[in-house]
Amino acid sequence: MDQREVRYELLHPDELNDIVEKAPIAYVPLGSLEWHGRHMPLGNDAIKVYEICLKAARITGGVVFPPIYWGTECLKLRALGVRDGTVDVDYSTFKAFLLDIVRRIMKQGFRVIVLLTGHYSREQVSAVKEVAEICEKITESVRPKGTPSVKIIALPEYELSLDLGYHGDHAAKWETSILLYLRPELVDMNKLTDLLGIDGEDPRKSASKELGEKVVNTIVKRLCELVKKALIELGV
Ligand SMILES: [Zn+2]
């Protein structure tokens, strides 16, 4: 790809036209604002999948929309007297918002839409998959008239690396490793004095940049394969 810029908000209209003509692919990174241990930022989930989407788009072409940080069903530690940083929205708000966004993205002529969620609460994953199904299957009632068919790839990023052992932890071995690789300046292991709000293996003993690189590379490669397959199925 000779495409220089993939970040949607930085494109000029002529650049957007060129991209949609060449590769009508839209990546939409979805995350949350919630406690991710004492060593990682509140927005980890969106930051993680945003970086993954940027890497994929630089291979497949297409655009990456700004990450959506507003997630649903996030971790709450307030009962423990902790300011957890969680600012989430209700399931119905999240789903309605996402549905609107995907419909508007379709109007711009994108044919393959990737909804990659780095936050995988039960409600968030189900909203993402339901929106994908609505937009793909109940097309005529939901899709703007005259819009061609679309393929929507909707999943949490860990689903692309299950065989490596990553099943989606929370600020533990895997998420810490991934951020150590993608945005090391955002991780401060010295702050990790306890494992409050961490679900998975102790990252102090198990996380590494090398593991992060391995899992990210696997996810990016497989995501690109899914996108290319979708383009072929659409005849694009
Ligand atoms: Zn997370």
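This one's a predicted model, so the numbers in the text were calculated from it and none came from an experiment. Counting starts at 1 for both ligands and their atoms, following the listed order.
Distances from the Zn ion (ligand 1) to the N/O/S atoms of Asp45 are shortest for OD1. Summary: NE2 is the N/O/S atom of His36 found nearest to the Zn ion (ligand 1).
Ring centroids of Tyr120 and Tyr158 are separated by less than 6.0 Å, placing the two rings close together.
The Zn ion (ligand 1) has Glu175 among its coordinating residues (N/O/S atom, backbone or side chain, under 2.8 Å).
The neighbour count for Lys214 NZ, taken as heavy atoms of other residues, nucleotides or ligands under 6.0 Å away, does not exceed 12.
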- Item | Verdict with supporting geometry, Gln124 and Thr72, side chain to side chain donor-acceptor pair (under 3.5 Å) | CA-CA 6 Å; Gln124 180 131 337; Thr72 189; 5.7 Å; no
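Across Asp188, Asn190, Thr176, a single residue satisfies side chain to side chain donor-acceptor pair (under 3.5 Å) together with His39, and that is Thr176.
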